[in-house]
Structures are given as structure tokens and as C-alpha cells.
A.B. asks: 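My questions all concern the structure below.
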There are 2 protein chains.
Amino acid sequence: MMAERRRGTVRDLRRDNRSVLLWSLYFDQPRSRQDLSRTTGLSPASVSNVVRDLIDEGIVIEAGSVDSDGGRPRVLLRINPDHGYVVGVDVGETRVRVELFDLAMTERAKADYPLDPRERGVDVVVDRILAGLAAVLAGSGVGSSAVLGVGVGVPGVVEQGPEVLVHGQTFGWDAVPLERLLRAGTDLPLHIDNGAKTMGQAELWFGAGRGAQHAVVGLIGSGVGASIITRGSTHRGSTSSAGEWGHTTVMVGGRSCRCGSSGCLEAYVGAEAILDRYGRALPGDDQESALAALIEAAATSAAAAEVLDQTALYLGAGIADLINLFNPERIILGGWAGLLLGEKLLPAIREAARRHALRHPFAETSIELCRLGPDAVALGAATLPVEHLLNGTAASATRQNRSAG
Amino acid sequence: MMAERRRGTVRDLRRDNRSVLLWSLYFDQPRSRQDLSRTTGLSPASVSNVVRDLIDEGIVIEAGSVDSDGGRPRVLLRINPDHGYVVGVDVGETRVRVELFDLAMTERAKADYPLDPRERGVDVVVDRILAGLAAVLAGSGVGSSAVLGVGVGVPGVVEQGPEVLVHGQTFGWDAVPLERLLRAGTDLPLHIDNGAKTMGQAELWFGAGRGAQHAVVGLIGSGVGASIITRGSTHRGSTSSAGEWGHTTVMVGGRSCRCGSSGCLEAYVGAEAILDRYGRALPGDDQESALAALIEAAATSAAAAEVLDQTALYLGAGIADLINLFNPERIILGGWAGLLLGEKLLPAIREAARRHALRHPFAETSIELCRLGPDAVALGAATLPVEHLLNGTAASATRQNRSAG
DNA sequence: GCGGATTAAATCACGCCATGAATTAAGCCG
DNA sequence: CGGCTTAATTCATGGCGTGATTTAATCCGC
């Protein structure tokens with residue numbers, strides 16, 4: 001049942017080498033066999049052998065050749081974007097979004113369902129997801145058998161045990177067996193993860209985190225979360241709940257937080273907290289436009305400017321904590337509120353972080369903004385099945401199970 | 001030069017399997033081949049083959065057999081404690097300690113040199129280390145060629161680049177090439193690391209952290225540091241300075257810290273800070289006895305009790321931050337001050353951590369005290385060459401270089 | 001337009017590996 | 001002292017990566 005990743009046999013060696021080649025190619029296309037041999041350390045002979053298999057399977061295709069001056073031209077290789085398709089689902093606080101991508105992560109179809117805050121029941125969300133799945137398949141003309149898997153990003157903690165359980169505080173979900181519930185409506189491989197983590201992975205693969213081994217993607221919306229990347233992959237901790245940056249304490253005995261504690265970072269720099277600290281009416285009927293208005297007002301209102309100054313101070317301290325503890329190469333700030341704040345306050349945030357972090361690790365860390373838009377949650381969710389394809393884990397096995405089941 | 005860890009060839013596969021067997025055996029001795037086959041997943045045939053090599057090399061020896069009722073008895077295997085020896089060095093703030101162990105980590109010799117705070121120059125420390133090395137070799141009768149390597153735990157950040165550099169704030173060291181300097185006096189393999197990290201590794205291997213995949217070892221002395229273990233090994237970050245727990249901000253705009261920032265955890269729960277916060281004269285001419293006296297006084301003095309209550313509060317908040325960010329299985333509290341405080345305050349610390357951490361990850365985390373004494377820094381440093389032996393990296397290569405040089 | 005030079009890629013022979021099956025070793029028990 | 005049982009080794013087999021060799025595909029100079 002459990003796809004125990006075996007090691008130790010000579011066959012696993014091949015799978016690993018194959019995986020190394022696929023990863024290398026996926027993030028640097030197109031490339032020649034020679035080039036792959038150099039960067040992976042595998043011999044040209046092995047690259048040839050493995051690539052032949054990959055071409056036979058249709059994962060890799062030849063893509064023209066590069067001119068030479070006096071020798072056989074190098075044939076360029078790339079991942080076949082149409083070898084398979086992946087679906088990413090973003091279960092957000094106000095909507096369920098489903099997107100279908102090819103392997104080059106080009107969007108091929110999209111479906112969007114608003115989610116009434118009063119009806120965040122599991123069954124409603126499951127319905128939306130399955131409806132969206134059917135819609136993107138129909139809309140793109142992609143057959144179900146061509147889909148490698150479905151990634152789902154959800155709010156709350158996702159416990160990756162023998163049965164995947166979702167604990168979503170904001171949704172009132174407690175130990176919801178989302179995978180099992182979705183299984184009733186689809187037999188595609190499912191990958192469920194926390195939305196902040198999928199968004200972090202999207203930034204890591206395609207955004208501001210490209211190439212980083214150690215990074216933290218901080219997400220500021222109404223609340224505050226983070227995705228922590230160590231050694232090139234997302235840190236989950238012992239029960240998959242790592243990355244709760246928003247509830248680290250930056251002020252012992254400070255403002256009370258909706259989590260029940262006090263002095264949490266989220267109680268100062270979350271959008272809700274910022275607006276609450278300002279304490280006056282602002283134009284805009286939602287948090288997003290209200291925060292934009294507050295930032296606008298800071299040019300003329302001392303009170304607004306003061307709130308933003310404080311926000312930069314606390315946020316800088318929170319970032320400094322990440323730098324001191326993790327020593328990352330990069331801190332990437334995102335989320336809708338993070339981007340709004342970052343555009344205006346990034347210099348102030350950097351300065352506050354500098355003051356609160358140790359000199360040496362701070363000097364080695366760059367603080368940047370996310371490069372991908374709010375769709376990054378779905379995009380990141382869609383990378384989950386791709387990750388399995390590149391690793392050579394389960395993908396084909398699950399496919400077999402599926403056709404056998 | 002650089003011992004690039006190769007992968008991909010069928011030979012590396014053998015090295016990996018060998019390593020798996022060695023690790024498995026090292027932490028669960030003695031065991032039969034059968035047992036090893038079961039727990040590692042390797043076939044009995046492979047275990048036999050690899051073990052034969054290991055016995056030929058002298059790393060593993062047979063150690064009796066287990067009675068059977070009606071079958072050939074299982075032969076028990078264990079690591080040969082005398083296959084080689086390792087040296088651990090603890091460069092502390094007030095002394096240099098050098099210890100020699102066999103592979104079972106039984107201490108075979110020890111040398112101790114006080115370090116005058118006025119003479120913490122690099123040359124003095126190097127002299128002490130080399131003198132201690134000579135002393136433990138002489139004292140144990142172990143020949144230099146039988147030593148697998150020397151681990152050195154130092155205060156400050158250790159940058160593991162092409163040349164190992166030590167940045168020690170308390171010692172006034174800036175980019176000190178300690179390895180190169182020691183190399184002038186010995187040709188043994190050297191492994192240099194931060195003292196908090198070596199101590200963390202000692203607790204992970206032999207103390208309160210045994211078996212944990214994710215843990216944080218928090219060390220409280222005059223200052224505050226930590227060793228963060230993720231996926232079973234120490235997290236170093238991009239420039240090896242990760243784990244600076246003491247300088248995370250628990251109180252924006254709070255007490256100023258010797259690092260130049262303010263509101264650092266260390267400015268509240270470091271021994272120096274605690275004594276400073278109490279602000280009255282205490283019996284005892286050093287921090288250690290003064291802190292003990294303060295804890296003693298808390299039984300009768302409301303002011304002393306108040307200081308300790310506050311300490312537990314801040315420390316609990318700091319621990320909660322670790323829990324929220326890392327979601328570890330265990331938090332292990334150590335350092336001389338950490339142990340003093342922990343003995344009295346552990347319930348209060350746990351309660352403060354509970355209040356500041358999210359419910360779910362807190363419930364999955366145990367908060368304990370270190371089990372090893374203050375010698376753990378040297379012990380942990382000595383595990384560094386053992387780690388290389390178990391991994392099959394460099395050890396033999398370095399040995400060859402040595403005899404060739 | 002054609003051979004030689006040049007570089008890329010595929011093929012081949014070899015050595016090494018893990019493994020299931022078969023075999024040998026080493027003890028119990030009646 | 002033979003069966004019986006279990007541990008450990010040995011053997012034959014199929015895979016694998018690799019350096020050396022061969023084939024493929026281009027350019028260049030004449």
C-alpha cells in the first residue's frame with residue numbers, strides 16, 4: 001500500500017539517476033546530452049542509455065540541435081510538455097480554483113467557484129473540487145488518463161499519515177479525511193498539502209526562490225504563514241505543521257491573537273491586525289481595498305504612517321528571527337497583504353530586519369518579494385504530481401493501480 | 001581536494017548500503033545478521049557479503065551468539081570499539097578540554113587546560129589543542145595512526161567552505177582559519193564545528209534526543225544558542241550559522257542585548273541577563289553559583305521569584321516559537337544555566353510554552369532536559385569523525401593522504 | 001563536391017552489485 | 001545418533017554504469 005521508497009538495489013540506482021537527469025532537465029531546458037553529462041556527473045554512456053528510455057516513454061523529446069563548427073551538432077532535449085497533464089487546486093478562504101497545466105506548466109484550462117463563507121463544509125468543498133476537475137478536463141479536451149495527478153492546496157495543517165487528514169481552523173475542519181472523500185469522485189492520484197506550502201513551492205520552482213537551497217517564503221494575508229525550504233525541499237516537521245511563523249511571539253504579553261495566545265507576529269502584521277491597529281474607518285468594503293487605502297493615506301496621515309512604521313518594525317523583527325534561526329539564502333515575502341506592504345515598505349522592512357538580525361547571516365540573506373501572482377497556490381499544488389514524476393515515485397505504480405482498480 | 005560525494009555508480013550503491021548497515025548497527029548493538037536484514041531491508045545475502053568485508057576490515061566483530069531452540073544460533077555482531085579512536089575537543093569560554101574515546105565512546109583519556117579570558121588569542125588556543133592532543137595520545141597509549149579523526153567544537157559561527165573559517169564574537173575571532181592553523185601541528189583528519197551543534201549531536205546520538213528525526217536542543221549558558229535537527233541531522237543553513245535562537249526577538253523594543261539589537265531572548269533568559277534583571281548582589285563569585293543562589297533565594301524572596309517567573313515566561317515563549325516554526329518531536333533544554341533553571345522551572349516553562357504555541361504541534365512535542373553533562377561538547381565533537389566513518393566518506397581517503405603526505 | 005577533421009552519440013565488453021535459490025553450517029531434540 | 005530447524009554462505013542470474021571503441025553527423029579547405 002504505502003509506496004515505501006526502496007533503496008539498495010541496482011534498480012533503484014537507475015531510478016535515482018533517471019530522476020537526477022529529469023530534475024536537471026526540467027529546470028534547465030533545452031539541453032544536450034553532453035551538457036547533462038557534465039552537470040549531473042553521469043557518464044555520457046549512461047546519459048545516452050537513460051535518455052533513450054525517457055524518449056521511448058515519451059517524457060523527453062528532441063528539440064532541434066545546436067549548430068557546430070566542425071563536428072556533429074548537439075541534439076537538444078527537453079521535457080515533452082504534452083506527455084501528461086497536472087491539475088492544481090487552490091482551496092482558498094473565498095473560492096475554490098482549479099487549473100489544468102501541461103508539464104511546462106502552461107495553463108490549459110481553469111475553473112473558479114466562489115465559496116460562501118457560510119458554506120465551508122467539507123462536502124461543499126469536495127463538490128466544488130470535483131466539479132472543477134470535470135470542468136477543466138472538458139474545457140481542455142484532455143482525457144482523464146493523460147492526467148498524472150491532482151494537487152490540492154488547502155488552508156490549515158495537512159497531516160501526511162497513512163490517511164491524509166486536514167485540520168483547518170478557519171474552516172472549522174477537524175481531522176477531515178479529504179483524500180478519502182475526493183476518492184469517491186475520482187481515481188486520479190491525489191496530493192494534498194497546505195496552501196502556504198504549495199505556494200512556497202511555486203515560488204521555489206518558478207518564482208523568486210529559483211535555485212535556492214535554503215529559503216523561507218513568508219505569506220501575509222489576513223493571517224500570516226510561511227513555507228520553510230531546507231536543503232531544497234519543504235520542511236514539514238514531525239507532524240507536517242511546521243512553518244507557523246504567524247504565531248511566533250514577537251512581544252511577550254502583547255496584543256492578543258485569534259489563536260488564543262498574545263504577542264504573535266500575526267497580531268501585528270496580519271492585514272486584519274494592521275487595520276485593527278489603525279482603528280478608523282477606511283474606504284473599501286473588503287480587507288484588500290482597506291489596506292490599500294491605509295497605505296495610500298500614509299502619505300498624508302501621520303496616524304496611518306505610524307501604523308505602517310510599526311508594521312515594518314514588527315515584520316522586520318519577524319524576518320530577522322527567520323534569518324537567525326535558519327540562515328537562509330533568501331527571504332521571500334508574499335501573500336496579497338505582503339505584496340501590498342512590500343511595495344511601499346520593503347526598504348523599511350529590510351532596515352528593521354538588519355537591526356534585529358545578526359550581522360553575518362543577515363549579510364548573506366536577500367529579502368525579496370514574491371514574483372508569482374495569487375494563482376501560485378494552484379500552480380504550486382500542480383507541482384506536487386510533477387515532483388513525483390521527476391522522482392520516479394509512485395506515478396507509474398499508481399497509474400497501474402488505477403487501471404487495475 | 002574536496003571530497004565530492006559521488007553518486008550514480010554501482011560502487012556508490014555498495015558504499016551506501018554499507019553505511020546503512022553501520023548506522024543501524026552502531027545505534028543498536030549487538031545484533032544478528034538476520035535482524036540487520038530485516039530492519040535495513042537489504043537481503044540476507046547482501047548483509048552477509050557486506051558484513052564479511054566489515055569484519056575483514058576490523059570495523060565489525062562477532063560478539064557471541066544467541067541461544068536457539070532447534071536451529072543454528074544467530075551470531076551477534078557489534079562495532080569493534082578498538083577499531084579506531086576519536087578525539088573530541090571542547091573550546092569553551094574558560095577552558096580547552098580534549099578527550100579521547102574509542103568507537104563505543106568510552107573515554108580513554110582526558111586533558112584539561114584553563115583558558116585565561118585575557119588570552120583567548122588563536123595561537124594560544126591552537127597550542128592548547130595540540131598539547132591536549134599529544135597528552136591524550138600519550139595518556140591512552142593510542143598511536144596516532146589509530147586515530148580516525150579529531151572533532152573540535154568552538155564558540156561562534158563555523159563556516160564550512162573550501163577553507164574552514166571560525167567567526168567567534170566572544171573570542172574576538174574574525175574569519176580565523178582554524179583548520180589550517182591546526183594542520184601545522186597534526187596530520188589527523190580534522191572536523192571543526194560550532195560547540196552548540198556538537199553538543200546537540202551528542203544529545204541526539206546518546207542523550208535525550210535518541211531516535212528523533214526533528215528536534216531542537218536549546219542551550220542556555222551565559223548566552224543562548226541552539227542546535228536544530230531536521231530529518232535526523234543538524235541543520236546548518238546556507239552559511240552554517242543557523243540556530244541562533246538566543247537572538248530571536250521576543251519583545252520588540254525590549255531589553256538591549258550584547259549583540260546590539262534589543263528584545264532578544266538571550267537578553268531575558270541568558271544567565272547574565274537573569275542576574276542583571278535581578279539587580280542585587282548574590283553570593284558566589286561566578287555566574288554559576290550566583291544563579292544557583294538566585295534560584296535558592298526564590299523560595300523566600302518575592303523579587304527573586306518574580307525574576308524566575310519572568311524567565312520561565314520568556315523561555316516558554318521562545319520554546320513555543322521553535323515548536324510553531326519547526327514542529328519538532330522534542331525540545332531538549334541544556335547548557336549549565338538551562339539545567340539549573342529546568343530542574344526548578346520545567347513545569348512553568350512547559351506551561352508558558354503551551355500558552356504561546358499552537359495546540360496541535362504543542363501536543364506532539366515533548367520538552368525535556370539534556371541527559372548528558374557539560375562534557376557533551378567534546379563528546380559531540382568526537383562524533384564528527386565517527387559520522388564520517390559510518391558514512392564511508394573521506395575517512396580512508398584522508399588516511400591515505402596522510403600516509404602519503 | 002569530396003575527403004579529412006571534428007565533435008556527438010551509440011554500442012560493446014567488462015567489472016561490480018544485489019538477489020532468490022540452493023547449499024552448507026551449527027545447533028536442538030527425542 | 002539421525003532427523004529437524006534455523007542461520008549463514010555460496011552460486012547463478014540479471015542489471016547497472018563506465019571507459020574504450022565505433023558509428024553518425026556536421027564543417028572546412030581545396
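Only a predicted model underlies this, so the values are computations on that prediction, with no experimental measurement involved. Naming: A, B, ... by sequence-line order, numbering from 1 per chain.
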A.B. asks: Looking at D35(B), is its backbone amide N or carbonyl O close enough to the side chain of T39(B) to form a donor-acceptor pair, meaning the two atoms are under 3.5 Å apart?
C.D. replies: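 Looks like yes, one N/O pair under 3.5 Å.
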A.B. asks: How many Å lie between CG on D16(A) and P on dG15(D), as a whole number?
C.D. replies: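 D16(A) atom CG is separated from dG15(D) atom P by 18 Å.
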A.B. asks: For F326(A) and H235(B), take the angle between the two ring planes, folded into 0 to 90°, and tell me which bin it lands in: parallel under 30, tilted 30 to 60, perpendicular over 60.
C.D. replies: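 Correct class here is perpendicular.
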A.B. asks: Within the side chain of E203(A), is there an N or O that forms a donor-acceptor pair under 3.5 Å with the backbone of R371(A)?
C.D. replies: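 Yes; at least one donor-acceptor contact below 3.5 Å.
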A.B. asks: Taking only side-chain N and O atoms of R14(B), does any of them lie within less than 4.0 angstrom of OP1 or OP2 on dA18(C)?
C.D. replies: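 Yes, within the criterion.
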A.B. asks: Taking atom types as they are modelled, is there a donor-acceptor pair under 3.5 Å from the base of dA25(D) to the side chain of R72(A)?
C.D. replies: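 No such pair is found, so the answer is no.
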A.B. asks: Look at S43(B) and dA18(C) and indicate whether a side-chain polar atom (N or O) is within less than 4.0 Å of OP1 or OP2.
C.D. replies: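 False: S43(B) side-chain N/O out of range (4.0 Å or more) of dA18(C) OP1/OP2.
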A.B. asks: Counting neighbours of CZ on R231(A) that are heavy atoms of other residues, nucleotides or ligands and sit closer than 6.0 Å, is the number greater than 12?
C.D. replies: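 More than 12 within 6.0 Å, yes.
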A.B. asks: Measure the distance from CZ on R15(A) to C1' on dG17(D) and round it to the nearest whole Å.
C.D. replies: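 After rounding, the gap between these two atoms is 16 Å.
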A.B. asks: Atom CG of D12(B) to atom P of dA18(C): distance rounded to whole Å?
C.D. replies: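 Result: 11 Å.
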A.B. asks: Does P73(A) or N49(A) map to a spot on DNA chain D nearer the 5' end, using the closest nucleotide for each?
C.D. replies: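 Nearest-nucleotide comparison on DNA chain D picks N49(A).
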A.B. asks: Output the single nucleotide from dT10(D), dC16(C), dG14(D) whose closest atom is nearest the side chain of V10(B).
C.D. replies: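 Side chain of V10(B) sits closest to dC16(C).
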A.B. asks: Starting at atom CZ of R33(A), determine the distance to atom P of dT7(C), rounded to an integer number of angstrom.
C.D. replies: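 Distance, rounded to whole Å: 19 Å.
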A.B. asks: Tell me what V75(B) touches on the nucleic acid: a base, only sugar-phosphate, or nothing, going by heavy atoms under 4.0 Å.
C.D. replies: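 Result for V75(B) = sugar-phosphate.
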A.B. asks: Roughly, in whole Å, what's the span from CZ in R31(B) to C1' in dA7(D)?
C.D. replies: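 Answer to the nearest Å: 16 Å.
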A.B. asks: Tell me which of G71(A) and R18(A) sits closer to the 5' end of DNA chain D, going by the nucleotide each one is nearest to.
C.D. replies: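 Looking at the nearest nucleotide for each, R18(A) comes out on the 5' side.
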A.B. asks: The side chain of R11(B) is closest to which nucleotide in this list: dA8(D), dC17(C), dA8(C)?
C.D. replies: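 So the side chain of R11(B) is nearest to dC17(C).
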A.B. asks: Of all the nucleotides listed (dG17(D), dA9(C), dT19(C)), which has the minimum atom distance to the side chain of S48(A)?
C.D. replies: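 Looking only at side-chain atoms, S48(A) lies closest to dA9(C).
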A.B. asks: Specify the separation, in whole Å, of atom CG of L36(B) and atom P of dT9(D).
C.D. replies: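 Those two atoms, CG and P, are 12 Å apart.
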A.B. asks: Kindly say if R74(B) contacts the phosphate of dG27(C), meaning a side-chain N or O under 4.0 Å from OP1 or OP2.
C.D. replies: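 Checking R74(B) against dG27(C): no side-chain N or O falls below 4.0 Å of OP1 or OP2.
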A.B. asks: Does a nitrogen or oxygen in the side chain of T9(A) sit under 4.0 Å from OP1 or OP2 of dT19(C)?
C.D. replies: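 Looking at the OP1 and OP2 atoms of dT19(C), neither is under 4.0 Å from any side-chain N or O of T9(A).
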A.B. asks: Indicate the ring-plane relationship of Y26(A) and W205(A), choosing parallel, tilted or perpendicular according to the 30° and 60° boundaries.
C.D. replies: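 Rings of Y26(A) and W205(A): perpendicular, as their planes differ by over 60°.
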A.B. asks: Which nucleotide in the list dT11(C), dA8(D), dA18(C) gets nearest to the side chain of N17(B)?
C.D. replies: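 My answer, after comparing the listed nucleotides, is dA18(C).
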